[in-house]
Participant: 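One structure, as structure tokens, below. Some questions next.
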Protein chains: 2
Amino acid sequence: MSVTLADVAARAGVSAATVSRVLNGNYPVAGSTRSRVLRAVDELEYVVNGPASALAAATSDLVGVLVNDIADPFFGVMASAIQSQIGPDGDHDAEAPHGQKMAIICNTGGSPERELTYLTLLLRQRAAAVVLTGGTVEDPEHLGALATRLRRLEAGGTRVVLCGRQPLTAAPDGAAPGPEEDQGPAPVALTFDNFGGARRLTGHLLDLGHRRIGYLAGPAARTTTRQRLDGHRAALAAAGAAGGEPGTPEAERLTVHGGYDRASGYDGALELLRREPGLTAVVAANDTVALGACAALRERGLRIPGDISVAGFDDLPFAIDAAPALTTVRIPLHEAGARAGRLALGREEAPAGRTTTLPADLMVRASTAPPRP
Amino acid sequence: MSVTLADVAARAGVSAATVSRVLNGNYPVAGSTRSRVLRAVDELEYVVNGPASALAAATSDLVGVLVNDIADPFFGVMASAIQSQIGPDGDHDAEAPHGQKMAIICNTGGSPERELTYLTLLLRQRAAAVVLTGGTVEDPEHLGALATRLRRLEAGGTRVVLCGRQPLTAAPDGAAPGPEEDQGPAPVALTFDNFGGARRLTGHLLDLGHRRIGYLAGPAARTTTRQRLDGHRAALAAAGAAGGEPGTPEAERLTVHGGYDRASGYDGALELLRREPGLTAVVAANDTVALGACAALRERGLRIPGDISVAGFDDLPFAIDAAPALTTVRIPLHEAGARAGRLALGREEAPAGRTTTLPADLMVRASTAPPRP
DNA sequence: TTGTACGCGTTATCAA
DNA sequence: TTGATAACGCGTACAA
């Protein structure tokens with residue numbers, strides 16, 4: 001049905017092996033035969049059969065990217081950055097016909113099962129690399145299953161990169177997940193300083209004079225959620241403010257868990273207000289939640305930041321255009337994605353210790369101000 | 001290195017062919033052997049070799065999705081919806097081990113060359129389907145090359161779906177693009193009523209009493225840009241307002257072309273103000289551009305909508321949280337993506353005429369109001 | 001520098 | 001209902 005290597009070889013008067021060598025550029029080929037082959041390729045409009053070459057070479061041109069939801073700009077920006085490094089015109093030499101990788105984007109919806117399912121699917125595709133983005137569930141059982149899958153992928157030659165996620169060995173209970181077999185080197189990880197960023201953000205509110213601060217946390221038992229919440233409480237504890245001691249009724253009362261979506265922010269803000277009418281500030285798990293909270297507070301007749309301050313996290317593109325411009329913490333999503341992409345291709349050296357933490361910078365804007373006297 | 005079909009067959013005491021049949025479920029297999037095979041699969045942790053089966057079956061489990069930029073929520077939302085239909089747990093029967101498709105997301109950056117490059121790459125992968133999202137350049141040469149590539153994909157059994165894009169035969173000059181060969185059926189297309197939406201939006205401003213309305217258009221020569229601009233001007237012309245006649249100096253003066261990004265909105269708004277200080281309203285090509293415009297206008301000391309009205313297009317999630325909430329036109333991005341995904345899998349019947357136009361509804365919010373008397 | 005020959009792991013055809 | 005067996009198209013030792 002379609003043109004094959006053999007057809008090109010016949011047309012160019014060489015063997016199929018030679019055509020393959022020209023196309024892959026891995027072996028020396030005489031200049032004259034090379035151009036003859038390329039002309040034949042052009043004339044026949046030959047297109048390599050990806051599956052066939054993947055089968056023979058035991059590796060494909062596909063890079064898996066796991067995200068919670070590609071519609072969420074947090075992941076969209078990272079995925080875009082990853083893609084910019086692995087796809088055509090990443091910034092390699094122009095028109096190299098070989099080594100054009102493509103990204104398979106996998107929406108896990110934050111579900112551990114789906115995460116595992118997708119990793120199996122990527123194993124099946126003999127993916128060249130896999131990038132796991134964002135935080136994950138802290139369930140030891142899941143972490144164990146995850147580690148097993150990743151080890152298997154790496155055993156098959158798939159590079160694994162964690163982008164915005166802790167290395168698997170850093171389980172909350174300090175124990176290495178999974179059985180204590182020889183696990184080889186841990187996957188390289190790029191993490192965000194969620195703890196530090198959250199601590200500085202809440203510190204900023206404390207500096208402004210706030211003392212009754214509500215927190216809209218993300219889904220419980222997820223790394224990102226916990227790190228941000230821990231940072232928040234560390235700042236409170238250091239200042240001796242309410243809610244700084246985990247486990248105390250006061251801490252529980254000022255914390256509402258929800259999703260990372262706008263509706264959770266809306267509902268959560270109302271709940272916080274019900275629990276503590278004297279609230280002067282609300283810190284949200286991310287920008288999207290913060291905007292939902294703003295909407296709820298405004299509907300309650302509260303002005304931001306006049307009556308109540310609100311802060312987000314991530315500094316997504318829309319944060320600056322919110323009403324008022326959102327005080328938040330900037331995460332280098334693009335840089336992280338780009339580095340993850342290069343690491344996935346082996347085009348960048350893994351950092352010492354195989355883990356790097358990227359900074360999280362406080363962005364003070366207009367949604368925070370001193371509390372009313 | 002890894003477990004193969006033959007290994008499973010040996011363990012289960014059957015032939016490789018039988019194992020294949022069990023796994024694909026296409027042929028009748030006795031219940032007892034079936035369970036024996038499945039047990040062997042489990043025990044050996046067998047994972048199908050995707051490339052091998054793609055080679056043998058001459059089609060892969062991959063679906064290509066072309067987007068301008070996955071970091072832009074316009075495309076992120078569509079991609080997410082497409083993905084929800086083709087990936088695991090789309091909404092098929094749970095745990096079907098076969099037919100798990102995966103999406104390859106291709107960032108074209110709006111570049112025609114990259115679009116073609118990616119289509120070639122997808123041809124190489126023997127993709128099961130390809131979804132092209134968003135508008136495209138209206139250059140006849142590009143359209144011709146595009147049509148050729150798509151025809152070739154379809155000839156190879158790849159389903160092609162256009163999502164948010166006109167069918168290729170509807171070239172602006174009315175001529176069918178490409179040579180007049182037998183082109184088979186045109187790809188199925190889902191389009192947005194950009195023209196009608198834009199007409200209603202500008203009509204809304206006219207109804208409010210605005211007469212000097214500036215327009216921040218997207219990149220020239222792109223379908224989406226032109227349709228929205230045409231709709232805008234049609235409304236103006238119908239009302240006898242300034243700038244309604246294309247080609248007139250007045251129309252040119254009140255239109256600024258830029259990108260679909262925030263910076264273009266910022267710069268464009270300032271330029272419009274320079275050209276026409278008496279402006280009472282600005283209509284932007286999309287929500288992102290509108291937010292950039294808002295920022296610029298506010299910095300100029302203008303209040304929205306008190307001093308000047310601003311409107312966007314698309315109704316992306318953040319539009320409602322803008323300052324003030326943005327009047328815009330809602331495009332059913334999610335629905336379009338979901339339908340495109342089902343069409344790509346052949347799980348939904350193609351519409352009569354192979355093209356459907358989805359509605360674009362006016363969303364009046366707080367960023368538009370009557371002009372100052 | 002080039003050609004030969006075999007293997008990669010599945011699917012599909014044809015018998016049984 | 002199941003089993004041989006021949007493709008599928010390319011990469012790569014090995015030989016020349």
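Letters go in sequence order (proteins before strands), and every chain restarts at 1. Because only heavy atoms are used, hydrogens play no part in the values below, and waters and symmetry mates are left out as well, while side chains stay in.
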Participant: At a heavy-atom distance below 4.0 Å, what parts of residues 30-39 of chain A sit against DNA chain C?
Facilitator: A:A30, A:T33

Participant: Does C:dT10 have OP1 or OP2 under 4.0 Å away from a side-chain N or O of B:S53?
Facilitator: no

Participant: Touch check for A:V14, heavy atoms < 4.0 angstrom, all strands: base, sugar-phosphate only, or nothing?
Facilitator: sugar-phosphate

Participant: Should A:V188 and A:P351 count as side-chain neighbours, where that means a heavy-atom distance under 4.5 Å?
Facilitator: yes

Participant: Quick one: pull up CG in B:L162 and OG1 in B:T355 and give me the separation to the nearest 0.5 Å.
Facilitator: 8.5 Å

Participant: Between B:L146 and B:L116, is there a side-chain heavy-atom distance shorter than 4.5 Å?
Facilitator: yes

Participant: Applying side-chain contact (heavy atoms from CB on, under 4.5 Å), run through B:S2 and A:R126 and close with a yes or a no.
Facilitator: CA-CA 11 Å; B:S2 90; A:R126 302 300 189 261; 3.6 Å; yes

Participant: Of the listed nucleotides (D:dG11, D:dG3, C:dT4), which one gets closest to any side-chain atom of A:A56?
Facilitator: D:dG11

Participant: Measuring to OP1 and OP2 of D:dT2, would you say a side-chain N or O of B:T18 lies under 4.0 angstrom away?
Facilitator: no

Participant: Using heavy atoms to find the nearest nucleotide of DNA chain D for A:A16 and A:N49 separately, return the residue whose nucleotide is more 5′.
Facilitator: A:N49

Participant: Just to verify, which of A:L119, A:L150, A:V131 counts as forming a side chain to side chain contact (heavy atoms under 4.5 Å, CB included) with A:V160?
Facilitator: A:L150

Participant: Out of D:dT2, C:dT10, D:dG3, which nucleotide sits closest to the side chain of B:A52?
Facilitator: C:dT10

Participant: So, A:E115 and A:R165, do they make that salt bridge, N to O below 4.0 Å?
Facilitator: yes

Participant: Closest to the B:R21 side chain: C:dT13, C:dG9, D:dC10?
Facilitator: C:dT13

Participant: Would you classify A:S20 as touching base, sugar-phosphate or nothing, given that sugar-phosphate means primed atoms plus P, OP1 and OP2, and contacts are heavy atoms under 4.0 Å?
Facilitator: base

Participant: Counting heavy atoms from C-beta on, name the nucleotide in C:dT2, C:dT10, D:dC10 closest to the side chain of A:T4.
Facilitator: D:dC10

Participant: Run through B:T120, B:L121, B:N107, B:T108 and flag the one making a side chain to side chain contact (heavy atoms under 4.5 Å, CB included) with A:P88.
Facilitator: B:L121

Participant: Within this structure, what is the CG-to-P distance between A:N26 and D:dA13, rounded to whole angstrom?
Facilitator: 11 Å

Participant: Quick check for you: among C:dT11, D:dC10, D:dT1, whose closest atom lies nearest to any side-chain atom of B:N24?
Facilitator: C:dT11

Participant: Within this structure, what is the CG-to-C1' distance between A:L55 and C:dC8, rounded to whole angstrom?
Facilitator: 4 Å

Participant: I'd like to know if B:R126 reaches the base of D:dG9 with its side chain such that a donor and an acceptor end up less than 3.5 angstrom apart.
Facilitator: no

Participant: Picking from C:dT2, D:dG3, D:dA13, which would you name as closest to the side chain of A:Y27?
Facilitator: D:dA13

Participant: To the nearest Å, give me how far apart CG (A:D61) and P (D:dG11) are.
Facilitator: 10 Å

Participant: Measuring from atom OH of B:Y118 to atom CD of B:Q125, what distance do you get when rounded to the nearest 0.5 angstrom?
Facilitator: 12.0 Å

Participant: The side chain of B:S15 is closest to which nucleotide in this list: D:dG9, D:dA4, C:dT1?
Facilitator: D:dA4

Participant: Measure CG/A:L123 against C1'/C:dG9 and give the value in whole Å, please.
Facilitator: 14 Å

Participant: Using a heavy-atom cut-off of under 4.0 Å over every strand shown, decide if A:L5 touches base, sugar-phosphate, or nothing.
Facilitator: sugar-phosphate

